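The sequence lines fix the lettering, A, B, ..., with proteins before strands; numbering per chain opens at 1. Quick caveat: nothing in here was measured; it's all calculated off a predicted structure.
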Protein chains: 2
Amino acid sequence: MNQNSKIKLSFKQKMMLQREAQIIQTVNGLLATKGYDAMTVDEIADSVGIAKASLYRHFPSKEALAVAALINTMENSLEQIQALNETSLSALNKLKNITQWVMRLKLNQQMPNLPSENSMLREHLLTHDSYMDLLVNMSDSIGEWIEQAQAERQITTSVTPLCILYTLYAKACDPVLGFLKISGLYDEEQIIEMVTSTCFNGIGHREH
Amino acid sequence: MNQNSKIKLSFKQKMMLQREAQIIQTVNGLLATKGYDAMTVDEIADSVGIAKASLYRHFPSKEALAVAALINTMENSLEQIQALNETSLSALNKLKNITQWVMRLKLNQQMPNLPSENSMLREHLLTHDSYMDLLVNMSDSIGEWIEQAQAERQITTSVTPLCILYTLYAKACDPVLGFLKISGLYDEEQIIEMVTSTCFNGIGHREH
DNA sequence: GTCTATACCGAGATAGAC
DNA sequence: GTCTATCTCGGTATAGAC
């Protein structure tokens, strides 16, 4: 992603990177709206505006395209996390903040949908080093927030940190967001508000 | 589903229904583990133990197979709901009960995974009368529980009933269940317990 | 690096015998 | 109603010219 900060690139190389960024954005959108299986390479090529064969000069396979998009999203997420770590927000508010950031991505159909369990792509991701590195980094950072928030009694200790981590990750593919949007009854901020509430406050009754 | 309660059937017809039940069970399992796109008709046939062409004598298409499995699951769910309505449980406990029932199905890979948004199958379901009838029935019943529980101040009124309904529906495809299971750290009851807690109590801190 | 044209294959669906 | 064998089509990937 950041080669251009290391060495001077020729004009052609810059164009190349820009095109690949464009491809990744397209793939990201298609993964978000249709998912991996339903997305076709023809579609990607048409949407980008180049021939399919040209696409294969940039990425060796459909899987590689998806992985590149997923890694891109992970990198963006990590940037968000690092930015939050620069702030003086409480651990709880960092957790809420990143969760809402992810939900906005999902609502705007920019959060890629991973295929269901037992898929080839998932298997492949687990063996993909740089992807796993990013994932581990992310889990570590968020895990720290969770433990800190628990220590400060800002979030519950009645479930384990791992369960909380997964619960937050799950917001990246929460169908509730889409359903509420389709209903047409709420605007984006109301949806974010409600789902944040069900996530942190639960649907059970609370005093005050 | 209940033709056999209406009229006397020949032996052959009974065998037929049994076979179709067997097919539906197989499809249900495959939908739960692999999802619609990844599931192949060859797989279904092999798993049932008949030839693919025979399968097509029972159901006209792959889509019809999936719809039959989905309707079957809906019928089972409605039975559960009706059984709960026979009890004297509070509305809150009925909601918890049906939610946990659904989560057990999901944990045991018997809850079919619908494909991602914008799929053909989803479109088709929306125009499928008997499926929509079941869905509306279910939503009405659960909707009543929600409103009753809100009136009794057992669940929150800070989000709308619709949001709560969707939040509960979402438990049928909650990836947290599978992730916690894969982690190998918890048994089924612990997982149900934790996810129920995050759902009804939230992950935010609660007094007492 | 981009294109057009094509190879190849997996998977849904069907033909036709028994 | 079940089978084997086959058709067909869509979709991934590649060949080869420019």
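Contacts classified as salt bridge (charged side-chain N to carboxylate O under 4.0 Å, His left out) and involving residues 57-66 of chain B (residues at least two apart or in different chains) are not found. Applying the salt bridge (charged side-chain N to carboxylate O under 4.0 Å, His left out) rule to pairs touching residues 189-198 of chain B yields B:Arg104-B:Glu189, sequence neighbours excluded. For residues 27-53 of chain A, the salt bridge (charged side-chain N to carboxylate O under 4.0 Å, His left out) pairs, not counting sequence neighbours, are A:Lys34-A:Glu43, A:Asp42-A:Lys52. The salt bridge (charged side-chain N to carboxylate O under 4.0 Å, His left out) analysis of residues 117-134 of chain A, with sequence neighbours excluded, yields the pairs A:Glu117-B:Lys106.
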Worksheet entry | Intermediate values then yes/no, side-chain hydrogen bond (donor to acceptor under 3.5 Å, both in side chains), B:Ser61 and B:Tyr56 | CA-CA 7 Å; B:Ser61 68; B:Tyr56 276 97; over 6 Å; no
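Where DNA chain D meets chain A (any atom under 4.0 Å from a heavy atom), the bounding nucleotides read 5' to 3' are D:dG11 to D:dG16.
Take A:Ala32 and apply the side chain to side chain contact (heavy atoms under 4.5 Å, CB included) test, not counting sequence neighbours, and it matches A:Gln109. Remark: B:Asn85 pairs with B:Ile81, B:Lys94, B:Trp145 by the side chain to side chain contact (heavy atoms under 4.5 Å, CB included) rule, at least two apart or across chains.
Residues from residues 19-34 of chain A lying near DNA chain D, meaning a heavy-atom separation below 4.0 Å, are absent. Contacts between residues 39-56 of chain A and DNA chain D, defined by a heavy-atom separation below 4.0 Å, involve A:Met39, A:Thr40, A:Val41, A:Asp42, A:Lys52, A:Ala53, A:Tyr56, listed by number. Within residues 58-67 of chain A, the residues that place at least one heavy atom under 4.0 Å from DNA chain D are, in residue-number order, A:Ser61, A:Lys62.
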Exercise answer: donor-acceptor pairs, residues 20-31 of chain A side-chain atoms, under 3.5 Å, sequence neighbours excluded:
from, atom 1, to, atom 2, distance (Å)
A:Glu20, OE2, A:His58, ND1, 3.1
A:Thr26, OG1, A:Gln22, O, 3.1
A:Asn28, OD1, A:Thr73, OG1, 3.0
A:Asn28, ND2, A:Gln110, O, 2.7

Residues 172-186 of chain A side chain polar contacts: donor-acceptor under 3.5 Å, at least two apart:
from, atom 1, to, atom 2, distance (Å)
A:Asp174, OD1, A:Val176, N, 2.9
A:Asp174, OD2, A:Lys171, NZ, 2.9
A:Lys181, NZ, A:Leu107, O, 2.8
A:Ser183, OG, A:Leu180, O, 2.6
A:Ser183, OG, A:Leu185, N, 3.2
A:Tyr186, OH, B:Thr160, OG1, 2.8

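As a whole-Å value, the separation of A:Asp37 CG from C:dA11 C1' is 13 Å.
Under the 3.5 Å distance criterion, the side-chain polar atoms of B:Gln150 are matched with a main-chain donor or acceptor of B:Thr156. For the pair A:Ser141 (side chain) and A:Asn137 (backbone), a donor-acceptor distance under 3.5 Å is present.
With rounding to the nearest 0.5 angstrom, the CG atom of A:Leu105 is 7.0 Å from the OG atom of A:Ser77.
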